[in-house]
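Encoded as structure tokens, the structure appears first; notes follow it.
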Amino acid sequence: MFESAAPLIEEYRALERELSDPALHADASRSRRVGRRYAALRPVVEALDEHARLTGDLGAALEFAETEPAFAEEAVELEAQLSVVTARLTRLLAPRDVNDDADALLEIKSGEGGDESALFAGDLLRMYLRYAEHVRWKVEVLDEQHTDLGGYKSVTVAVKGNAIDGVGPYGRLKFEGGVHRVQRVPVTESQGRVHTSAAGVLVMPDVEADEVEINDEDLRIDVYRSSGPGGQGVNTTDSAVRITHLPTNTVVSCQNERSQLQNRDSAMRMLRSRLTALADEQAASAASQARKSQVRTVDRSERVRTYNFPENRFSDHRIGFKAHNLDAVLSGALDPVLDALAEQDLAERLAGSGH
């Protein structure tokens, strides 16, 4: 029933041969892409092999069961195992986002709520850092703008790591995009009243330089002096970089590094991801529910998630997910909601493909 996967097996074997060629590793960018694709295909090929083995074993058990009843029990066990593998293969082979196996850039911005929103943005960052640590992903801070109370006006991080069931950091985290609302008593509140504020999250695929064509004449590059609260991180040279992509009016900036060149490289990396996300959205706006959920404004009305501290409640409004373990979630226990979002997306993709 999975004959259509034959080209994937051929691709996997070809990538395997390519990875064994020392010449590949002379090109770091190409080597990373091949390795990433190979890692994404491995669970598919392994599941196909297991499916073929179980199918053969089940056929033999059923044949022997006709004359030897003891094999009937083994056949029942094999059918149960085959059912599990079939469901996994269906999930792995469903139509998917072409960037699902990519690494991710994750941007968090404070919104309505002032200092409290900035502090919540910091809480969200720590939540994702702990989740990344849990699944052994690496996180690199590309740009951050602190507030006096220790929160973040904005922070952008790169998330790199191995695929989970054929899905990389971007495919796993992409549904985090949108407005996250918090309800709690702020540290600045003297009368104990619960306030509501919001922070925005944007998740983009982290793409290689040669995967996106950007013309130099389409860019306006401005340099300026870095700034920080209370004089922290203030440079004496114009090392901060702002890049504007004129055709799309997309603006990115970076001031995290001491070197203007390093800041320019990070800003270009952010720009490539932004333009990739924008192009994907324009090409598949009718079908891509994932990016439709990544709202462009940060206010309380367009929320995807609520974090209610007084009730220790965590809610995802897109799928009706609720849990009363907010403390655990903020410590990185995101798998239950990420799994639920992935299952909902799978159901929609299978329905859209006619399966």
Margin query: For Asp327, is there any backbone N or O sitting under 3.5 Å from a side-chain donor or acceptor partner on Asn312?
Written below: yes
Next item on the list: Report yes if the side chains of His146 and Tyr152 come closer than 4.5 Å at any heavy-atom pair, otherwise no.
Entry: yes
Check: Does the side chain of Lys174 come within less than 4.5 Å of Asp97's, by heavy atoms?
Finding: yes
Next item on the list: Determine, for Arg305 against Glu176, whether the closest basic-nitrogen to carboxylate-oxygen distance falls under 4.0 angstrom.
Entry: yes
Note to self: Can you tell whether the side chains of Arg88 and Glu50 come within less than 4.0 Å, N to carboxylate O?
What the structure shows: no
Next item on the list: Report yes if some heavy atom in the side chain of Asn256 is under 4.5 Å from a heavy atom in the side chain of Leu142; otherwise report no.
Entry: no
Note to self: Other members of the hydrophobic cluster containing Val98, with the 4.5 Å side-chain heavy-atom rule, please.
What the structure shows: none
Check: Is the number of heavy atoms from other residues, nucleotides or ligands within 6.0 Å of CD (Glu217) greater than 12?
Finding: yes
Notebook entry, point to check: Which side-chain hydrogen bond (donor to acceptor under 3.5 Å, both in side chains) pairs, counting each pair once, include a residue from residues 7-16, with sequence neighbours left out?
Noted result: Glu11-Arg37, Tyr12-Tyr38, Glu16-Tyr38
Checklist line | Connected hydrophobic set around Phe71, excluding itself, where side chains approach under 4.5 Å | finding: Phe64
Note to self: For a 4.5 angstrom cut-off between non-hydrogen side-chain atoms, does Val159 reach Asp103?
What the structure shows: no
Check: Does a donor on one side chain and an acceptor on the other come within less than 3.5 Å for Tyr224 and Gln255?
Finding: no
Check: Between the main-chain N or O of Pro205 and the side-chain N or O of Ser273, is there a donor-acceptor pair closer than 3.5 Å?
Finding: yes
Margin query: Quick one about Ser266 and Arg264 (side-chain donor to acceptor, distance below 3.5 Å, no hydrogens or angles considered), yes or no?
Written below: no
Notebook entry, point to check: With no hydrogens and no angle check, is any side-chain donor or acceptor of Ser117 less than 3.5 Å from a backbone partner on Gly111?
Noted result: yes
Item checked: side chain to side chain contact (heavy atoms under 4.5 Å, CB included) partners for Ile319, two or more places apart -> Asp316, Phe321, Ala340, Leu341, Gln344
Check: Can you check whether Val329 reaches Met127 side chain to side chain, under 4.5 Å on heavy atoms?
Finding: yes
Next item on the list: Output every pair passing side-chain hydrogen bond (donor to acceptor under 3.5 Å, both in side chains) with a member in residues 63-79, not counting sequence neighbours, ordered by first then second residue.
Entry: none
Note to self: When you compare the side chains of Tyr131 and Arg126, does any donor N or O come within less than 3.5 Å of an acceptor on the partner?
What the structure shows: no
Check: So, Arg181 versus Thr306: side-chain donor-acceptor pair below 3.5 Å or not?
Finding: yes
Next item on the list: Establish whether Tyr128 and Phe314 are linked, either directly or via other cluster members, by ILVMFWY side-chain heavy-atom contacts under 4.5 Å.
Entry: yes
Notebook entry, point to check: Does the side chain of Glu133 reach to within under 4.5 Å of the side chain of Val139, using non-hydrogen atoms?
Noted result: no
Check: Between Asp218 and Pro247, is there a donor-acceptor pair closer than 3.5 Å when you use the side chain of the first and the backbone of the second?
Finding: no
Next item on the list: Taking only Lys NZ, Arg NE, NH1 and NH2, and the carboxylate oxygens of Asp or Glu, determine whether Asp265 and Arg269 approach each other closer than 4.0 Å.
Entry: no
Next item on the list: Spell out, as yes or no, whether a donor-acceptor pair under 3.5 Å connects the side chain of Arg130 to the backbone of Leu330.
Entry: yes
Next item on the list: Applying side chain to side chain contact (heavy atoms under 4.5 Å, CB included), name anything that partners Arg220, two or more places apart in sequence or on another chain.
Entry: Asp222, Thr244, Leu246
Checklist line | Pairwise side-chain contact, Pro310 with Asn308, heavy-atom cut-off 4.5 Å (strictly under) | finding: yes
Notebook entry, point to check: Which word best sums up how the rings of Phe120 and Tyr307 line up, parallel for under 30°, tilted for 30 to 60°, or perpendicular for over 60°?
Noted result: perpendicular
Notebook entry, point to check: So, the side chain of Asp143 versus the backbone of Val155: is there a donor-acceptor pair under 3.5 Å, distance only?
Noted result: no
Next item on the list: Look only at the side chain of Arg318 and the backbone of Phe175, and say whether a donor-acceptor pair between them is shorter than 3.5 Å.
Entry: yes
Next item on the list: Indicate yes or no for a side-chain donor-acceptor contact from His25 to the backbone of Leu19 under 3.5 Å, with no hydrogens or angles considered.
Entry: yes
Notebook entry, point to check: Between Asp101 and Arg172, does at least one N-O distance fall below 4.0 Å, as a salt bridge requires?
Noted result: no
Note to self: Is it the case that over 12 heavy atoms from other parts of the model lie below 6.0 angstrom from the CG atom of Asp335?
What the structure shows: yes
Notebook entry, point to check: Taking the side chain as C-beta and beyond, is there a heavy-atom pair between Val194 and Arg184 under 4.5 Å?
Noted result: no
Notebook entry, point to check: If you measure from the Lys or Arg side-chain nitrogens to the Asp or Glu carboxylate oxygens, is any gap between Asp27 and Arg33 under 4.0 Å?
Noted result: no
